[in-house]
Amino acid sequence: MSKPTPISGFPEWTPAQRMIEQYVLDRIRGTFELYGFAPLETRAVEPLDQLLRKGETSKEVYLIRRLQADPDTSPAGDDQLGLHFDLTVPFARYVLENAGKLQFPFRRYQIQKVWRGERPQEGRYREFVQADIDIVDRDTLPAHYEAEMPLVIGDALRSLPIPPVTIQLNNRKICEGFYRGIGLTDPAAALRAVDKLDKIGPAKVAELLAETAGASEAQAKACLALAEISAPDASFADAVRALGVTDPMLDEGVEELVRVMDAAAAHSPGLCVADLRIARGLDYYTGTVYETQLAGYERFGSICSGGRYDDLASSGSVRFPGVGISIGVTRLLGLLFGAGALSVSRDVPTCVLVAVTNSEERAASNAVADALRSRGVPTEVSPSAAKFGKQIRYAERRGIPYVWFPGADGDQVKDIRSGEQVAAAAGEWTPPRADLKPLVS
RNA sequence: GUGGCUGUAGCUCAGUUGGCAGAGCACCGGGUUGUGGUCCCGGUUGUCGUGGGUUCAAUUCCCAUCAGUCACCCCA
């Protein structure tokens with residue numbers, strides 16, 4: 001058999017990297033639960049029509065089918081199943097399906113894999129993990145929930161050994177109201193153009209605005225002036241008003257974003273910045289939108305984004321407006337792994353390796369291991385009764401900090417980092433707290 | 001999905017104007033009949049990403065493909 005090769009866009013980490021990932025996921029989950037979000041997992045597949053309900057990205061959906069499927073009777077078109085490519089759409093479907101069993105407002109977190117058939121590159125994958133929180137309510141959703149999202153994310157990301165993050169905020173109503181206020185008729189096209197400001201610069205954006213959104217020179221100039229507003233606090237509102245455009249939706253959006261900025265400033269100064277060029281998905285966000293930059297990794301784009309949606313879930317006359325945000329865990333890890341910026345103190349969970357004196361006495365070593373494990377110390381027994389030097393080396397190669405030597409005259413445990421060796425009893429000895437589990441840094 | 005660049009040992013990379021495939025690090029064994037890391041000696045790294053073509057001969061030239069990466073597209 002020829003050597004297997006990777007599949008493009010489907011990353012597989014080493015055990016050490018997986019330990020880091022699990023640590024990161026634990027911290028994120030802990031923060032989500034600290035804020036009272038309830039856990040949820042939805043199935044991996046949704047009917048195709050659900051997946052395509054919003055957005056025009058059908059080409060990126062992975063469809064599933066049975067190898068033995070009969071083409072005459074198997075589902076086609078909208079009845080086909082596809083792998084979900086975010087967690088918000090499945091969640092919206094779940095809320096509609098289970099509305100009768102849920103208490104509203106409903107806050108849930110969901111940490112799962114999603115799949116997108118994109119062309120992969122660094123920090124961009126076809127199979128990846130998202131850590132998502134959403135809050136939905138029935139009929140109306142108070143705006144203060146839009147202010148809560150960045151606080152949760154700020155706490156979650158700041159609990160990790162990663163560079164500082166900045167959450168960039170905008171409000172869709174500001175853009176749409178402003179565009180309407182200056183007489184632009186295609187806000188989506190205008191947003192799409194403005195979103196490229198960082199990449200192609202103001203002159204090209206102005207051209208694009210003229211071409212795709214039918215903007216006059218003055219309108220393009222106004223759009224750029226709005227997009228260039230950026231402030232670490234609520235003062236962005238003054239800059240918007242200084243542009244002299246009036247529109248009810250614009251005023252509403254400014255007011256909402258001011259409240260979000262004020263809440264963020266009170267909770268963690270410096271976390272958020274109002275950045276009126278942020279566009280995000282054009283298809284369904286209706287209020288605040290979020291993007292997140294990791295210091296030093298700006299060129300790779302946002303590692304955490306989301307926004308408010310009013311129209312994603314509705315059934316008959318009942319609407320379920322919501323707001324959500326999602327951490328791109330795989331992207332975050334992929335970037336940091338690529339830079340060698342995350343490490344773990346050992347390659348295995350093992351804290352203690354129990355040496356085997358000779359093969360007849362393996363049972364004695366097993367007994368020591370049992371005693372240590374029963375008190376929560378991750379322990380493995382040496383694979384062979386090789387010379388002690390080799391058994392120590394086995395531990396050293398894996399980063400296992402302690403080697404235990406059973407002895408007729410009493411046991412000894414050695415810290416192989418310092419070389420210090422002391423008498424110990426398996427029923428009593430405990431490693432320092434810091435050595436119990438692998439340390440991520 | 002479109003286009004560019006890259007692909008030699010576990011890692012970092014040399015190399016052949018087409019003629020048996022190399023170095024450092026790492027790894028394994030021994031020096032050191034039972035306590036590693038230093039030192040000394042010795043050893044293995046490999047379908048030269050994969051498949052085809054040209055050729056007496058291809059790791060080298062050509063085509064395709066896969067993977068990585070970059071730009072575009074998109075980003076729920």
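In this text, all values refer to a predicted model and were calculated from it rather than measured experimentally. Just so you know, these numbers use all the heavy atoms, side chains as well, and skip hydrogens, waters and symmetry mates. In what follows, chains are A, B, ... by sequence order, proteins preceding strands, each numbered from 1.
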- prompt: Using the benzene-type ring in the case of Trp, are the ring centres of A/Phe388 and A/Phe405 under 6.0 Å apart?
  reply: yes
Pair of N/O donor and acceptor under 3.5 Å linking B/U35 base with A/Gln421 side chain: yes
query: To the nearest Å, how far apart are A/Asp86 CG and B/C75 P?
result: 12 Å
- prompt: In whole angstrom, what separates A/Arg362's CZ from B/G34's P?
  reply: 19 Å
- prompt: Taking atom P in both B/G42 and B/A57, what distance in whole Å separates the two?
  reply: 40 Å
- request: Find the distance A/Glu396:CD to B/U38:P and express it as a whole number of Å.
  value: 8 Å
message: Categorize A/Lys390 for me: base, sugar-phosphate, or nothing, with a 4.0 angstrom heavy-atom threshold over every strand shown.
response: sugar-phosphate
- prompt: Among A/Arg108, A/Gln110, A/Gln112, which one satisfies side chain to side chain donor-acceptor pair (under 3.5 Å) with A/Asp132?
  reply: A/Arg108
message: If you only use heavy atoms from C-beta on, which nucleotide in B/G34, B/G36, B/C75 is closest to the side chain of A/Arg192?
response: B/C75
message: So A/Arg417, base contact, sugar-phosphate only, or nothing? Heavy-atom distance under 4.0 Å.
response: base
Complement of B/A71, any strand, by Watson-Crick or G-U distances under 3.5 angstrom: B/U2
- prompt: Contact class for A/Gly9 vs. all strands (heavy atom < 4.0 Å): base, sugar-phosphate, or nothing?
  reply: sugar-phosphate
query: On a whole-Å scale, what distance lies between the P atoms belonging to B/U60 and B/C20?
result: 14 Å
message: Does A/Val289 reach a base, just sugar-phosphate, or nothing at all? Heavy atoms under 4.0 Å.
response: nothing
- line: Using Watson-Crick geometry (N1-N3 plus N6-O4 or O6-N4) or G-U wobble (N1-O2, O6-N3), each under 3.5 Å, B/U60 is paired with none
task: Assign A/Ala386 to base, sugar-phosphate, or nothing according to its heavy-atom contacts below 4.0 angstrom with the strands shown.
output: base
P gap between B/A14 and B/U54, integer Å: 32 Å
field: Atom-pair distance (CD on A/Glu122; C1' on B/G68), nearest Å
entry: 10 Å
- line: Rounded to whole Å, NE2 of A/His84 lies from C1' of B/C75 at a distance of 16 Å
task: Ignoring backbone atoms, test whether A/Ser8 places a side-chain nitrogen or oxygen under 4.0 Å from the OP1 or OP2 oxygen of B/G68.
output: yes
message: Please determine whether a side-chain nitrogen or oxygen atom of A/Arg331 lies at a distance below 4.0 Å from atom OP1 or OP2 of B/C75.
response: no
task: Report, as yes or no, whether the 6.0 Å neighbourhood of atom CZ on A/Arg158 holds more than 12 heavy atoms from other residues, nucleotides or ligands.
output: yes
message: I want to know whether A/Trp429 and A/Tyr402 have ring centres closer than 6.0 Å.
response: yes
- prompt: Contact class for A/Ser302 (heavy atom, under 4.0 Å): base, sugar-phosphate, or nothing?
  reply: nothing
message: Please pick, from B/C70, B/C74, B/G36, the nucleotide with the shortest atom-to-atom distance to any side-chain atom of A/Arg299.
response: B/C70
message: Check the phosphate of B/A71 against A/Gln121, side-chain N and O only, distance under 4.0 Å to OP1 or OP2. Yes or no?
response: yes
query: Among A/Leu333, A/Ile327, A/Leu157, which one satisfies side chain to side chain contact (heavy atoms under 4.5 Å, CB included) with A/Val24?
result: A/Leu333
- prompt: Starting at CD of A/Gln412 and ending at C1' of B/G34, how long is that distance when rounded to a whole Å?
  reply: 14 Å
message: Strictly by Watson-Crick or wobble contacts shorter than 3.5 Å, is anything paired with B/G18, and which nucleotide is it?
response: none
query: Is there a Watson-Crick or G-U wobble partner for B/C48 with both distances under 3.5 Å, and if so, which one is it?
result: none
- request: Have a look at A/Tyr394 and say if it touches a base, only the backbone sugar-phosphate, or nothing, with a 4.0 Å heavy-atom cut-off.
  value: nothing
query: What about the rings of A/Phe104 and A/Phe320, do their centers lie closer together than 6.0 Å?
result: yes
field: Rounded distance in Å between the P positions of B/U45 and B/U6
entry: 30 Å
- prompt: Under 4.0 angstrom, heavy atoms only, what part of the nucleic acid is A/Gly419 near: base, sugar-phosphate, or nothing?
  reply: base
message: Can you see whether A/Gln219 engages A/Tyr179 through a side-chain donor-acceptor pair at a distance of less than 3.5 angstrom?
response: no
query: Mind checking the P distance from B/G37 to B/G31? Whole angstroms is fine.
result: 13 Å
- prompt: Within the modelled atom types, does a donor on one side and an acceptor on the other bring the side chain of A/Arg124 and the base of B/C74 under 3.5 Å apart?
  reply: yes
message: Could you tell me how far B/U69 sits from B/C28 if I compare only their P atoms? Round to whole Å.
response: 30 Å
message: Closest-nucleotide mapping onto RNA chain B: is A/Lys196 or A/Pro120 further toward the 5' terminus? I mean the 5' end.
response: A/Pro120
message: If you assign each of A/Arg393 and A/Gly117 to its closest nucleotide in RNA chain B, which residue comes earlier from the 5' end?
response: A/Gly117
task: Name the nucleic acid region contacted by A/Lys199, choosing base, sugar-phosphate or nothing; use a 4.0 angstrom heavy-atom cut-off, strictly under.
output: base
message: Taking B/C39 as the reference, what is the distance to B/U47 when you measure between their C1' atoms (whole Å, please)?
response: 38 Å
query: Heavy-atom count around A/Ile200 CD1 within 6.0 Å, excluding the residue itself: above 12?
result: yes
- prompt: Counting just side-chain N and O atoms, does A/Arg397 come under 4.0 Å of either OP1 or OP2 of B/C27?
  reply: yes
task: Measure from NZ on A/Lys387 to C1' on B/G30 and round the result to the nearest Å.
output: 9 Å
- request: If B/C27 has a Watson-Crick or G-U wobble mate with both distances under 3.5 Å, name it; if not, just say none.
  value: B/G43
query: What distance, rounded to whole Å, do you find between the two P atoms, one in B/G3 and one in B/G53?
result: 26 Å
query: Among B/C70, B/G36, B/C75, which is the nearest nucleotide to the side chain of A/Phe300?
result: B/C70
message: In whole Å, I'd like the distance from the CD1 atom of A/Ile7 to the P atom of B/U65.
response: 18 Å
- request: Please step through salt bridge (charged side-chain N to carboxylate O under 4.0 Å, His left out) for the pair A/Glu228 and A/Arg277, ending with a clear verdict.
  value: CA-CA 7 Å; A/Glu228 278 162 0; A/Arg277 74 185 64 188; over 6 Å; no
